[in-house]
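To keep things clear, I will list the structure first and then write my remarks on it.
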Amino acid sequence: MPRANGTLAAPFPNPPPMNPLWIDTDMGFDDLAAVLAVAGTPGWSVAGLSLVAGNAPLTVVVDNALRAAACFGWRFPIHAGAAGPLVGELATAQSVLGDDAMVSAGRSLPRERTALTSEDAVGALADWLRASPAPVTVLALGPLTNIALLLQRHPDLAPRIVELMWMGGSAGPGNHTAAAEFNAIVDPESINEVLAAGVPLAMVGLDTCRQVRVDKADADALRALGTDRGVLLGDLLEGYVRIAGPDGRSAMALYDPTAAAALLAPGSVRFTPAHLVAECRGEHTRGMTVVEWRVPRKAAANARIATTADAATVRAAVLGALAVAARS
Ligand code: RIB
Ligand code: CA
């Protein structure tokens with residue numbers, strides 16, 4: 001666009017600063033949707049992925065991430081991290097999500113894959129935190145094992161995390177058990193490690209995520225875009241929707257992308273300060289995230305807990321970004 005004096009304006013004068021976001025993930029479909037939402041939202045970029053066992057064993061999580069990277073042309077670094085929780089054996093969600101933790105109503109991620117940047121996710125995250133010019137945000141979408149290991153090995157880096165946005169826990173009923181949400185029950189000790197380190201945790205639990213639903217019509221809309229990626233994302237989304245009911249007629253809560261939307265669409269998820277602790281010993285309650293709302297009278301606030309989600313805004317942010325990924 002020529003100016004009055006005949007010079008040309010810069011093609012993109014003063015583009016908005018990119019918010020680099022590190023994402024820790026156990027790469028199921030909702031994780032994939034959350035990563036695509038970040039990558040497809042103007043002003044945001046994925047600084048790197050750290051992978052953690054959860055939805056499936058680490059080898060499957062790595063395979064999903066590298067196949068997604070090849071399929072969607074991701075250029076950011078991808079690092080393998082913890083293969084199990086701080087304490088005890090790994091419990092996965094493969095009984096619900098299938099062996100590949102990406103149950104589909106049709107197509108699956110193509111088998112072509114990129115390569116891991118490293119198998120030291122904790123070291124890579126530590127390096128990124130040190131190199132960042134200011135404290136940064138981390139989005140966690142699985143068990144908090146990698147984050148806890150980072151804080152155990154590099155306690156000096158806790159102040160470099162301005163906020164840990166975590167899809168996990170619940171201020172109400174669980175999903176993996178009556179009391180516990182899946183990410184929390186896989187590694188409840190890691191939650192308390194993060195809290196003890198003083199990292200500002202923002203927990204987006206099941207109770208909030210259940211306010212945002214996706215259904216088969218959303219999958220059909222992606223497939224109607226008529227691209228290979230649109231059909232793939234539509235089939236994977238329908239596979240995710242079928243978690244709520246095998247006939248696909250029930251709507252399914254949108255988990256990880258709702259936590260991402262809390263960052264991408266400011267104000268779409270509201271939080272309240274509260275006291276949080278993870279139950280680690282209860283025979284029936286291990287993994288329960290116990291929220292004490294009566295702060296500071298009963299306890300000191302040590303976290304921000306999500307209470308409400310604006311479903312229309314979250315859906316628009318996430319499904320809009322998936323449509324961008326489908327068309328690109
Ligand atoms: O309970 C839901 C969480 O468990 C999501 O992060 C999903 O990806 C699984 O990891
Ligand atoms: Ca996840």
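Residues: numbered from 1 along the sequence shown. As a basis for the values below, the full set of heavy atoms in this structure was taken, side chains included, without hydrogen atoms, waters or symmetry mates. Both counts, for ligands and for their atoms, begin at 1 and track the order of listing.
- Grouping Ile, Leu, Val, Met, Phe, Trp and Tyr residues whose side-chain heavy atoms lie under 4.5 Å apart, directly or via other members, places V186 in a hydrophobic cluster with L90, F182.
- Near ligand 1, residues D26, D30, D31, N55, L141, M167, N175, E181, F182, N183, Y255, D256 come within 4.0 angstrom through at least one heavy atom.
- For the Ca ion (ligand 2), protein N/O/S neighbours under 3.0 Å (waters excluded) are D26 OD1, D31 OD1, D31 OD2, L141 O, D256 OD2.
- Following chains of ILVMFWY side-chain contacts shorter than 4.5 Å, one can reach L164 starting from I191, so the two form part of one hydrophobic cluster.
- Side-chain N or O atoms of D256 include one that pairs as donor or acceptor with a backbone N or O of D31 at under 3.5 Å.
- More than 12 heavy-atom neighbours from other residues, nucleotides or ligands sit within 6.0 angstrom of CD on Q152.
- The closest donor-acceptor contact from the side chain of N146 to the backbone of V122 lies at 3.5 Å or more, if one exists at all.
- Surrounding CZ of R270 are at most 12 heavy atoms belonging to other residues, nucleotides or ligands under 6.0 Å away.
- Around the CG atom of D220, the shell of radius 6.0 Å holds more than 12 heavy atoms that belong to other residues, nucleotides or ligands.
- Annotation: ring-ring contact (aromatic ring centres under 6.0 Å, His included) contacts involving residues 224-252, sequence neighbours excluded, comprise F29-Y240.
- Transitive grouping of hydrophobic side chains (ILVMFWY, heavy atoms separated by less than 4.5 Å) keeps M167 and L125 in distinct clusters.
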